[in-house]
4 protein chains.
Amino acid sequence: MCARRRDAEGTAATRATRRAELLSAIAEVFADRGYAATTVREAAEAAGILGGSLYYHFDSKESMVDEVLSTFLNEMWGDYDKVLASGMDATATLRALVASSFKSIERHRAAVVIYQNESKHLAQNERFGYLTESQRRFESTWKGLLAQGVEEGALRSDLNTGLIYRFIRDTVWVAASWYQPGGRLDAEEIAQQYLAMVLEGIQANQHPAT
Amino acid sequence: MCARRRDAEGTAATRATRRAELLSAIAEVFADRGYAATTVREAAEAAGILGGSLYYHFDSKESMVDEVLSTFLNEMWGDYDKVLASGMDATATLRALVASSFKSIERHRAAVVIYQNESKHLAQNERFGYLTESQRRFESTWKGLLAQGVEEGALRSDLNTGLIYRFIRDTVWVAASWYQPGGRLDAEEIAQQYLAMVLEGIQANQHPAT
Amino acid sequence: MCARRRDAEGTAATRATRRAELLSAIAEVFADRGYAATTVREAAEAAGILGGSLYYHFDSKESMVDEVLSTFLNEMWGDYDKVLASGMDATATLRALVASSFKSIERHRAAVVIYQNESKHLAQNERFGYLTESQRRFESTWKGLLAQGVEEGALRSDLNTGLIYRFIRDTVWVAASWYQPGGRLDAEEIAQQYLAMVLEGIQANQHPAT
Amino acid sequence: MCARRRDAEGTAATRATRRAELLSAIAEVFADRGYAATTVREAAEAAGILGGSLYYHFDSKESMVDEVLSTFLNEMWGDYDKVLASGMDATATLRALVASSFKSIERHRAAVVIYQNESKHLAQNERFGYLTESQRRFESTWKGLLAQGVEEGALRSDLNTGLIYRFIRDTVWVAASWYQPGGRLDAEEIAQQYLAMVLEGIQANQHPAT
DNA sequence: CATGAATGAGTATTCATTCAT
DNA sequence: TATGAATGAATACTCATTCAT
């Protein structure tokens, strides 16, 4: 911490790393205490520096959440897009998206919690227009998928897809609020259980073979 | 003091009514913008009075949420207790509880949203110990019910009841965040669709009779 | 309290009495908690009515202290003037004034405490100009008396009369802060002890006969 | 953190100095206008900074008075204890304590005024328990001393020591309210005049040698 | 006369942000 | 890069005062 020998060499890389470190700590606190309720001082303290020092790295508190959320969403949509581009049928795609979502939660738990809790409020701000955009894309993707599933005969036609969409969306993301990275359950298992419930239901009788 | 018997009653009733009016408006704003992010001024404005005037009715901002949440929880547990006392089998009880929950959302939408978004933070405060208590009771009730369902052979035994409990809990309550009282969907319908999904699953093939 | 039979008759007297009652209670609270630190609500409560109701009797909080203080000062100066007009020598006058002061404390304890604690601040306000005026009169009266005593050979000439004046003034009035009306000590006794100390000193040896 | 040894010391010293500077200005305003009646803004302004900035240095308005008063009392009792430990006879001790008191007033005028005016109210607060404690110690010290003086034959036995204690206590401290540091009179002179009055009295005749 | 609800200016306190070092 | 002191706008809360009933 005292003598920084390698300064010359890794400037860019080091800087990016440091930034990521800071953001990770900051995200954790925002997720834990809420964005509005967290003071910059607390966020800085979690990152091991003093309040004022954060302003060397970020323009404002807002740009901190911004970076946390946009980083997460970019990565998440990258994964989603791969799945969607692979041309699977509706059920398989749905399974893959759910699995991908839980993996996102595993990697970006704090970001997901923040997204879940704050995006409604933040979205009022023009700067966070991408949140609304993401929401919209999310909705059309899932609703389209459910409709396609019904069309393909894979999903029940007596369900209100609008409602089902909401239930699926909420349960997937809300899991971030109780998920413990490194705990007993990993993303894969959670995805399996979730898919079992949503696809097959939790009732016993009607499952002849499974 | 002199022959004002009717006044006393009338005043008490009026007072309680006014209080409820105010609380309803306040709850709406807290739900909409978040407890921490809502200023007392905004809350008061929503109630049609000035910021300081709220303090004639309530001790503090905290006691406002307190009253909103405790009123809701008391009523909700009242309903739950009736269901639980009626001695139905696990599946019927589960159905009834879900229906009751959605009815709670219909009546106390704002309170449920606040409960969902803020109880984690508020619960740190001793004053809101009842939130933790409620959480605990909720968990044991639902987990017990799921276990009983499995025992009775009504529910699949290959599911992780801990996980399923979380999914059910979250999806039920999170519905408050998009429910529009007086909108197209009423609590009953939502409950039916939700139960259909969770109990029977959304896949088509496995439902012999449908 | 309900049926006020004698309303017609004693209007003026009743009113004055009520006013005095209220003022007495108010003075007590102001003395106890300090003028600035006492709320009108507290003052009213001590008088057995609600905050707003005090405004039927008084224009403002300020006019309450005003009336308390001016009533006290008027009476006190009335007594002082009688003493000063009686043509006694310096020592006798001094004794009589001290005795009169302690009697004032006995009758207007609360007012004296308020006078002691608040007059400095209140005097900034033009309305309370009479406080400054009273102070001035007080100072010239006592200083004159001390000078006269020295001249008459009754008082030591090696003392700084300015300082002695301050000591006497302060100790007399500050007694109000611990005086308990109806307690073991009455005004007379206190005056005697005080005069003994100030006139003769507390040392033993030098008092040959007394 | 890196070879900043001198900094650490320097900073600590600077900090303490700044704190003392601020407290001195704050004490002056509290003494002048009264603790309750002084706004934090006024206190800050007197210190040359803005209201909010005071909170970088102090937790609350309360902790400002707290520090002012405890600092004063600690130093005062330090001086008192030295006097009391020196084994002088009652009269000499009494003289020394009075002198020490007036020196305290010279050094901590503002603190003494605050102590005098506010300690009764502040003492209700548990945090200021040390005020009550100090009061108690003060009383027992002085009463003991007076009793001892009577026993030693140095003080008159026909006086009510309880009363005399109060008179002495009050006059000593109340002097802070008119004392002008740097004015014509210094602490020493005031103490002499005061002791002359209290010990020997202000009457001329009874002093054989004077 | 008294009440109770409301007002609005003010108060202590918090906190994002700045900046000289 | 980081610190620490300061800023200033905003926030929860208080309280003297008003007024319809």
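Each chain gets a letter, A, B and so on, in the order the sequences are listed, and its residues count up from 1. Atoms considered below: every heavy atom in the structure, side chains included; atoms not considered: hydrogens, waters and symmetry mates.
- Checked against dA6(E), dG4(E), dA2(E), the side chain of L50(C) finds its nearest nucleotide in dG4(E).
- A residue-by-residue look at T39(C) and H57(D) shows that H57(D) has its nearest nucleotide of DNA chain F further toward the 5' end.
- Listed candidates were dT7(E), dT13(E), dA6(E). Nearest to the side chain of V40(D) is dT13(E).
- Residues E62(D) and Y35(D) meet the side-chain proximity criterion, which asks for heavy atoms closer than 4.5 Å.
- A 3.5 Å limit on both hydrogen-bonding distances identifies dA2(E) as the Watson-Crick or G-U partner of dT21(F).
- The CE atom of M64(A) lies 4.5 Å from the CG atom of L54(A); values are rounded to the nearest 0.5 Å.
- There is a side-chain donor-acceptor pair under 3.5 Å between Y130(B) and D66(B).
- Nucleotide dC15(F) has dG8(E) as its partner under the Watson-Crick or G-U criteria, with both atom distances under 3.5 Å.
- The separation between F30(B) atom CZ and dT11(F) atom C1' is 13 Å, rounded to whole Å.
- A gap of 22 Å separates the P atoms of dT21(F) and dC1(E), to the nearest Å.
- At least one side-chain nitrogen or oxygen of Y56(D) sits closer than 4.0 Å to the OP1 or OP2 atom of dA5(F).
- Checking the phosphate oxygens (OP1, OP2) of dA6(E), a side-chain nitrogen or oxygen of R18(B) falls inside 4.0 Å.
- Going from atom CG of L23(A) over to atom NE2 of H57(A) covers 10.0 Å, rounded to the nearest 0.5 Å.
- Remark: the backbone N or O of A20(B) is not paired with any side-chain donor or acceptor of S24(B) at under 3.5 angstrom.
- Atom CD in E42(B) sits roughly 8 Å away from atom P in dA12(F) (whole-Å rounding).
- Residue Y55(C) contributes atom OH, which lies 17 Å from atom P of dT7(E) at whole-angstrom precision.
- Along DNA chain E, the nucleotide nearest L22(B) and the nucleotide nearest G51(C) are compared for position; the residue whose nucleotide lies closer to the 5' end is G51(C).
- Checking G52(B) against K61(D), the closest nucleotide of DNA chain E that is more toward the 5' end is the one next to G52(B).
- In this structure, R41(C) atom CZ and dC13(F) atom C1' are separated by 13 Å, rounded to whole Å.
- Within the structure, a side-chain polar atom (N or O) of S53(B) is placed less than 4.0 Å from OP1 or OP2 of dT7(E).
- In this structure, the side chain of K120(C) engages the main chain of D32(D) through a donor-acceptor pair within 3.5 Å.
- At whole-Å resolution of the value, OH in Y35(D) and P in dT11(E) are 14 Å apart.
- When rounded to the nearest whole Å, the span between CD of E45(A) and P of dC15(E) equals 13 Å.
- Put simply, CG on L54(D) is 14 Å from C1' on dT14(E), counting in whole angstrom units.
- In this structure, R19(B) does not reach the dG4(E) phosphate: none of its side-chain N or O atoms is under 4.0 Å from OP1 or OP2.
- At a threshold of 4.0 angstrom between heavy atoms, the contacts of T38(D) are confined to the sugar-phosphate backbone, with no base atom among them.
- Computed from coordinates, the D59(B) CG to dA12(F) P distance equals 16 Å when rounded to whole Å.
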